[in-house]
Structure formats: structure tokens, C-alpha cells
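Below is one structure; the comments refer to it alone.
Heavy-atom basis, side chains included; hydrogens, waters and symmetry copies ignored. The shown structure was predicted, so the numbers you read here are calculated from the model rather than taken from an experiment.
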Amino acid sequence: MKYVNQAVPKVDAKALVTGKGVYVNDLAPSDCLIVKVVRSPYAHALIKSIDKSKAMLVPGIEAVFTYEDCPDKRFTLAGQTYPEPSPYDRLILDQRVRFVGDPVAIVAGKTEEAVLKAMKLVKVQYDVLEPVLDFRTAKDNEILVHPEDNWRSLAPVGADNKRNLCAHDECSDGDVDAVLASCKYVVDQTYHTKANQQAMMETFRTYCYMDAYGRLNVVGSTQVPFHVRRILANALDIPKSKVRIIKPRIGGGFGAKQTAVGEMYPAFVTWMTGKPSKMIFTREESLIASSPRHEMEIHVRVGADEDGIIKAIDMYTLSNTGAYGEHGPTTVGLSGHKSIPLYGKAEAFRFTYDVVYTNYMSAGAYRGYGATQGIFALESAVDELAKQLDMDAVKLREMNLVREGQVMPAYYGETANSCALDRCLARAKEMIGWDEKGMRKDMGNGKVRGLGVAMSMQGSGISSCDTASVTIKVNDDGFYTLMIGATDMGTGCDTILSQMAADCLDCSMDEIVVHGVDTDISPYDCGSYASSTTYVTGMAVMKTCETLRKKISEKGAKYLGCPVEDVEFDGEKVLNLKTGESISRKDIGNKVMCFNDDALSASEAFTSPVSPPPFMVGMAEVEIDKETGAIELIDYAAVVDCGTVVNPNLARVQTEGGIAQGIGMAMYEDIVYSAKGKNYSNSFMQYKIPSRLDVGTIRVEFESSYEPTGPFGAKSIGEIVINTPSPAIANAVDHAVGARIRELPITAEKIFWGIQEQEKQK
């Protein structure tokens with residue numbers, strides 16, 4: 001291939017490094033209304049009254065809206081394919097507030113100063129209610145987060161609002177209890193991962209205006225333009241044909257923008273007033289009223305025989321969806337379905353989960369999407385099992401890991417048609433120097449080093465669900481326009497898809513113009529989530545190119561006056577194989593602009609009944625001060641199997657960035673609440689994300705397999721890269737000082753007390 005598997009620079013690289021990238025706020029006119037929301041100071045309350053009269057007297061204030069002005073029609077903000085698994089439990093504004101930060105009024109004005117002043121003058125009287133703040137006691141609690149009768153669940157996910165239950169399910173294969181009872185070694189432990197913020201550079205932001213035809217135009221920083229169109233139509237209770245979504249450049253998302261966190265407020269203002277408006281979340285708002293990772297507590301039982309063969313895995317996940325159910329029923333499934341299948345010799349498994357409502361900020365999608373939490377739990381438990389067996393942690397995994405060709409019962413019965421997990425493990429072991437260093441090394445200066453390992457898997461889109469469409473047209477002079485509905489949020493999908501199209505069409509990438517997402521123009525795509533773009537949209541590109549090549553051949557044959565069977569298109573020209581006569585793509589492109597009744601374009605869609613998993617191994621080396629518990633990450637070696645690597649440079653930076661985020665989850669990031677449900681982690685002073693100085697040395701390699709169902713043999717890479725740091729670092733800490741940390745983040749304090757506990761037991 002000329003472009004696929006090559007380190008091609010991003011198509012927008014020059015614009016980005018010269019500061020020419022155009023984002024939402026760059027497009028909003030200076031005279032549009034400024035929109036902000038008044039937020040609840042209580043975790044759970046009913047609004048008794050709202051007095052907005054004084055706020056309306058502030059010069060420059062255009063409107064103040066309360067729940068009395070909004071439709072009483074529930075919807076979900078989750079960017080998912082209809083019918084969404086997430087319950088319809090939202091209103092634009094509700095009389096019942098369900099977390100500290102829940103909106104109670106929308107204020108729109110000509111200046112930010114006027115809006116801020118008016119917000120202080122909105123007087124709200126609350127009937128303060130007892131909140132549900134412990135997710136372990138939320139299920140069947142007498143206090144209901146959603147007692148309303150118009151709450152709806154469109155999909156059979158086991159939801160019941162009268163039980164504070166957003167989702168419930170159980171699946172199994174074999175007799176888990178019997179197999180565990182027969183195991184000589186069993187680990188039975190509970191692991192806890194807290195919520196994490198995506199912390200993307202660009203906060204949530206939206207600009208809205210009405211066009212000449214009375215349609216609502218929304219320019220939004222979103223990963224899911226087509227889903228946002230449906231969400232806003234549902235929220236405003238207007239026809240979907242009245243809504244148009246335009247996606248400019250996105251300053252990062254990481255899953256946060258798979259939820260329509262802020263779009264509905266300026267959309268409602270513009271729809272009601274007819275005037276353009278914009279809403280820019282502050283960093284504080286993005287931290288206290290957004291869509292962080294789901295907090296999960298995972299109970300794991302894993303058993304092995306005397307030889308170290310893992311026979312059974314039993315997992316129960318309790319997930320905290322917070323005040324609303326966005327992505328609650330879907331993230332939780334990955335905690336088991338994307339962890340248990342890593343162990344291919346298990347004779348039985350059981351995976352059960354509950355997702356509960358509480359009076360905390362609503363959770364949502366975050367890179368890894370539930371698999372991150374589940375892999376932390378299971379990979380920690382497997383390491384504890386290795387300790388029971390007195391076996392090397394890598395050796396135990398080598399004996400039990402899933403291999404190519406195996407059926408994975410816990411992964412919806414799919415077969416691992418492409419799997420280089422064994423080679424990933426061997427390569428990572430070599431990179432970190434596992435055998436040479438050993439799992440523990442005393443440095444002789446009061447510090448000790450430890451090595452830890454973890455494996456992971458993810459998916460490539462949502463099987464039998466995700467759909468992507470692509471349109472490619474030939475223009476005058478023969479250049480191509482590639483129109484996609486997939487959302488480039490810094491991941492480089494515009495580049496990846498252009499690489500594929502250029503190789504399929506045998507042309508230069510410079511001859512392909514990529515058109516960003518506009519729901520009025522772009523072909524349908526579910527959006528950029530679930531690691532779907534390279535695999536799902538990539539296959540749509542290949543199908544479309546194949547169709548277009550046939551059309552170009554047919555058109556060339558017509559102009560050459562010969563049967564289409566006699567011609568061949570080589571990317572530059574259509575050649576008559578019998579006479580040697582040819583016509584160039586440029587000439588064809590110009591000729592179809594005149595006296596032509598057949599558009600020279602093609603559009604194809606793709607969906608897949610399977611979701612081939614990428615695999616990864618991560619190994620961490622940490623150094624710990626035995627006296628204080630202070631921890632430093634020295635080295636991180638990672639090896640990824642994402643099928644064919646379409647663009648090695650982009651794949652590498654994706655991996656490095658994901659690992660850095662995983663290190664943040666493992667060692668630094670912690671959302672802290674007060675006893676009354678107030679989020680104290682409301683700035684980067686309180687919510688620590690790692691800088692380049694905090695992540696040590698990150699080294700990345702690839703062990704490519706070939707996925708027969710993927711474009712050029714490719715699988716996904718976007719999400720899997722965040723999954724290994726937490727368990728690998730936790731395992732390294734245990735190997736170093738014998739302190740098993742089962743709750744993230746792993747801090748010096750936790751390590752210190754873990755060391756003290758070990759000393760007591762000696």
C-alpha cells in the first residue's frame with residue numbers, strides 16, 4: 001500500500017500548528033446571546049418557587065427560563081442509536097433537582113456581565129430532601145431519585161425507576177459455583193474505581209442560530225452529530241427536520257461529548273427567542289456538571305487448579321450512574337464482557353451487574369467505557385491468584401490467555417479471528433526486562449522497585465448496531481470529495497479514512513478533500529465512539545471506493561465507445577485493454593459536468609455482526625519509598641495488537657495519550673464529595689491530572705495481527721490504550737512492597753498504610 005500502514009502526517013496538521021483550527025467559539029458571532037444556567041446548591045430538592053422578576057430587570061437580559069417554560073417530555077442525553085438503552089429520565093429543566101449543580105434556570109443576555117448579575121437575582125425556594133449518596137445502598141432504597149411517572153425505558157435493560165435501578169442483567173456459561181468449589185486456589189475480593197473526568201482541553205460549548213427557513217442550526221463540539229439532532233428534537237419536542245447539527249473542529253472529547261451535556265440550553269434559548277446564542281462551559285462547570293466515568297465496585301471470584309489453569313471467573317459489578325442514566329446500561333456490560341474473555345481456558349463464567357441512581361453528578365462515556373474498570377478488577381485479582389500460586393505473574397497469564405481461533409463465550413460467543421495477545425505479552429516482557437529485573441528489586445537506599453503486568457481487550461464498534469455511511473464524488477478535473485459523518489476529535493480519523501480512500505482509488509491523498517460533519521449534507525454515521533471509526537467507517541470507505549471505481553470504469557468505457565468489460569481503471573485513467581486508447585480521470589471529471597444523466601458519485605454503508613477486539617499488554621516499573629509510601633512511575637512498556645496499523649504515528653500517539661490518561665486514573669485523579677454531595681474537585685487545583693513530568697517513560701510497540709473483517713486487516717485502537725495502567729501499576733506496587741491497593745487512585749498514603757498492615761502481619 002502507498003498510504004495504509006505509513007506514517008502519513010495528519011491532513012490538518014499545518015492548520016493546527018499554525019493556530020488556524022476553527023472551533024465553536026471561533027464561529028459564534030460577537031452579538032449572540034450569552035447563555036448560562038443557575039445551578040442547584042442541593043443534592044436533592046423540590047423547587048417550591050422561582051422568582052425571576054428582578055433578574056429580568058437587569059439591562060441586557062433577554063430571557064430567563066424555568067421548568068415551567070420547558071416541555072414536560074422526558075428524553076436522554078446519551079448519544080446512542082435509537083432506541084437508546086439509556087432511560088428517558090431527563091427534562092431540560094425539572095422541578096426536582098437531583099445533584100449539586102443540576103440546572104434550575106436558564107439565563108440569556110447580551111453580555112456575560114449582565115447574565116452573571118441576573119443569575120444572582122433569580123430567587124429559588126427549595127424543599128430540601130434527603131439524598132441517596134451511598135451507591136451501595138441505593139438499590140431498593142426508600143428514597144427515590146426518579147419517582148416520576150413519565151420516566152421511560154425504551155430497551156429491555158432491567159431498569160426500574162421505582163427501585164433506583166437504571167439497569168440489571170446476568171449472563172453465564174457453565175456452573176461457576178461448582179467449578180470454583182473444585183478449584184484449589186480461589187481469590188475472592190472487591191475492587192473500587194471512582195469517577196474520573198475526561199478533562200478535554202475544549203470544554204462543552206455550543207452556538208445556535210435560526211436560519212431563513214425557520215430551522216434550528218446548532219454548531220456544537222460533539223462526537224455524535226446525528227444523535228444530537230435526535231436528542232434536541234426530543235428535548236424541545238419539535239420535528240427532527242427542524243434541527244441541523246454542524247460539527248467544527250473539536251478540542252478533545254474522550255467520550256465526554258458522546259453525551260449532549262450542554263447543547264439543549266442555548267438550543268432552547270434560540271428556539272424560544274429566535275436569536276443566536278452560545279453557551280461556553282467554564283472549567284468548573286465541566287468538572288461539576290458533566291459526564292465523568294462511572295464509579296464501579298466490582299466483586300471478583302477467580303479460581304485455578306494446582307497447575308495454575310484458571311477454571312472459573314465470577315464478576316458482579318455495581319455501577320453508580322448518578323442522577324441520570326446516560327450510558328449507565330451500556331458501560332457496565334463492558335466491565336465483564338471485555339475482561340473475562342482474556343482468559344481462554346476458563347470452563348465457566350458468570351457476570352452480573354446492577355446500575356443504580358444516586359444524587360451525584362450524572363456519569364457518562366469515557367475512553368475505555370467500563371472495560372477500564374473491569375480490567376482493573378480482574379487483572380488485580382489474577383495477580384493475587386499468582387501470589388497464592390507462588391507463580392510468576394507473566395507465566396500465569398502465558399498459560400491462560402486467549403489465543404487466535406478460540407471462541408470467547410463471555411464476549412458474546414465471538415471467535416478471536418485475529419489475536420496477537422501472546423506475542424504482545426512476550427514483546428512487553430522483553431521491553432521491560434521482566435526476567436532480568438525480577439518482580440522486586442531493593443535499591444538499597446530505602447526505596448524498592450517493582451514490576452507489574454496487565455492485559456486488556458476492547459472492541460471495534462458495537463456489533464449488529466453501529467452503522468457508518470460514506471459518500472465520495474468525482475469533481476471537475478477529477479479530484480474527489482470524501483464526505484463522512486464520523487467525527488474527528490483529534491484522533492486523526494479524517495487522515496486515516498483519506499489514507500484508505502487514496503489506496504482504494506489509486507490516487508494521491510492530495511486529490512481527496514475530506515468534508516466534515518453537517519447533518520444536512522453528510523451521510524449518516526453513528527459518530528465517534530466505541531472505537532468504531534477505523535473499523536466501521538473504514539469498511540464503508542472501502543465499499544464506497546469499490547462502487548465508485550466501477551462507475552468510473554463504466555463512464556470511461558462509454559466515452560471510449562467500448563464495452564465496460566474491455567476497460568481497466570488504474571486510478572489515473574480508464575484504459576481500453578484491446579486498443580490501448582484511454583481517457584484520464586481529469587477528462588472524465590470534466591466531461592460529466594456536461595450532457596450527463598448519471599452522477600459520478602457513490603455512497604455505501606457498513607455495519608458488522610461482530611466487533612473484533614484489539615488486545616494490549618502493559619508493564620509498569622515503579623519505585624516506592626518504604627518509609628513514606630511515595631511512588632514514582634519509572635517506566636511503562638506497552639505492546640498493542642490493533643490488526644493492521646493504518647498510520648503508525650497516529651497509532652503511537654493515541655497509545656501514549658491513552659496510557660497517560662490511564663496513569664492519571666491509577667495514581668492521581670480523584671473526585672471528592674462532601675457529606676452533602678457537593679463536588680470539591682471543581683478545578684485543576686483540586687483535581688490533579690498528570691503532566692508530562694508525572695508519567696515517566698512511556699514506550700510503545702505494535703504486534704500486528706490481520707483482522708479478516710476489517711479494512712486492510714485493521715481493528716480499533718482508540719479505547720484499549722487506557723485500560724492497562726491501573727492494574728499494572730497496582731500489581732507493581734504489590735510486588736514491590738506487598739501492599740495490595742484495591743481502590744483507585746493509588747496514593748502514597750494508601751501505600752504507606754498497606755506497608756504498615758504488612759508489617760503487622762509479620
- Query: For residues R740 and N731, is any side-chain donor paired with an opposing acceptor at under 3.5 Å?
  - Reply: yes

- Message: Using only atom types and a distance under 3.5 Å, with no angle test, would you say the side chain of S460 pairs donor to acceptor with the backbone of S611?
- Response: no

- Query: Quick one: do the D383 and S380 side chains pair a donor with an acceptor below 3.5 Å?
  - Reply: no

- Using the side-chain contact (heavy atoms from CB on, under 4.5 Å) rule, take V394 and R397 through it: C-alpha gap first, then chi angles, then the decisive distance, then the call. CA-CA 5 Å; V394 169; R397 288 171 172 83; 5.8 Å; no

- Message: side-chain contact (heavy atoms from CB on, under 4.5 Å), that's the test. Do E398 and D422 meet it? Break it down for me.
- Response: CA-CA 7 Å; E398 288 173 339; D422 53 346; over 6 Å; no

- For side-chain contact (heavy atoms from CB on, under 4.5 Å), just list the numbers for T193 and M665, CA-CA rounded to whole Å, side-chain angles, deciding distance to a tenth of an Å, and then say yes or no. CA-CA 9 Å; T193 61; M665 178 181 178; 4.1 Å; yes

- Answer yes if the ring centres of F349 and F351 are under 6.0 angstrom apart, and no otherwise. no

- Message: Among L378, L401, V402, which residue satisfies the side chain to side chain contact (heavy atoms under 4.5 Å, CB included) criterion with Y343?
- Response: L378

- Is it the case that K311 and S182 place a side-chain donor and acceptor less than 3.5 Å from each other? no

- Which residue, S463, S339, P613, forms the side chain to side chain contact (heavy atoms under 4.5 Å, CB included) with Y411? P613

- Please check if any side-chain donor atom of Q373 sits under 3.5 Å from a side-chain acceptor atom of S335, or the reverse. no

- Q197 and S290: side-chain donor and acceptor closer than 3.5 Å? yes

- Backbone N/O of Q223 and side chain of S528: donor-acceptor pair under 3.5 Å: no

- Inspect the surroundings of NZ in K750 and state if more than 12 heavy atoms from other residues, nucleotides or ligands are less than 6.0 Å away. yes

- Side-chain H-bond candidate by donor/acceptor type, D354 with Y316, under 3.5 Å: yes

- Message: Test side-chain contact (heavy atoms from CB on, under 4.5 Å) on V610 and Y535; report intermediate values, then the result.
- Response: CA-CA 11 Å; V610 295; Y535 178 74; 3.8 Å; yes

- Note on the structure: Per side chain to side chain donor-acceptor pair (under 3.5 Å), H192 is matched among R742, E297, E295 by E295

- Task: Consider only side-chain N and O atoms of S531 and Y369, and report whether a donor and an acceptor are under 3.5 Å apart.
- Result: no

- Query: Does some side-chain heavy atom of V640 sit less than 4.5 Å from a side-chain heavy atom of R427?
  - Reply: no

- Query: So, for N647 and A7, which heavy atoms are closest and what is the spacing to 0.1 Å?
  - Reply: OD1-CA, 3.6 Å

- Task: Please tell me if the side chains of S291 and E326 come closer than 4.5 Å, counting only heavy atoms from C-beta onward.
- Result: no

- Task: Consider only side-chain N and O atoms of T724 and Y636, and report whether a donor and an acceptor are under 3.5 Å apart.
- Result: yes

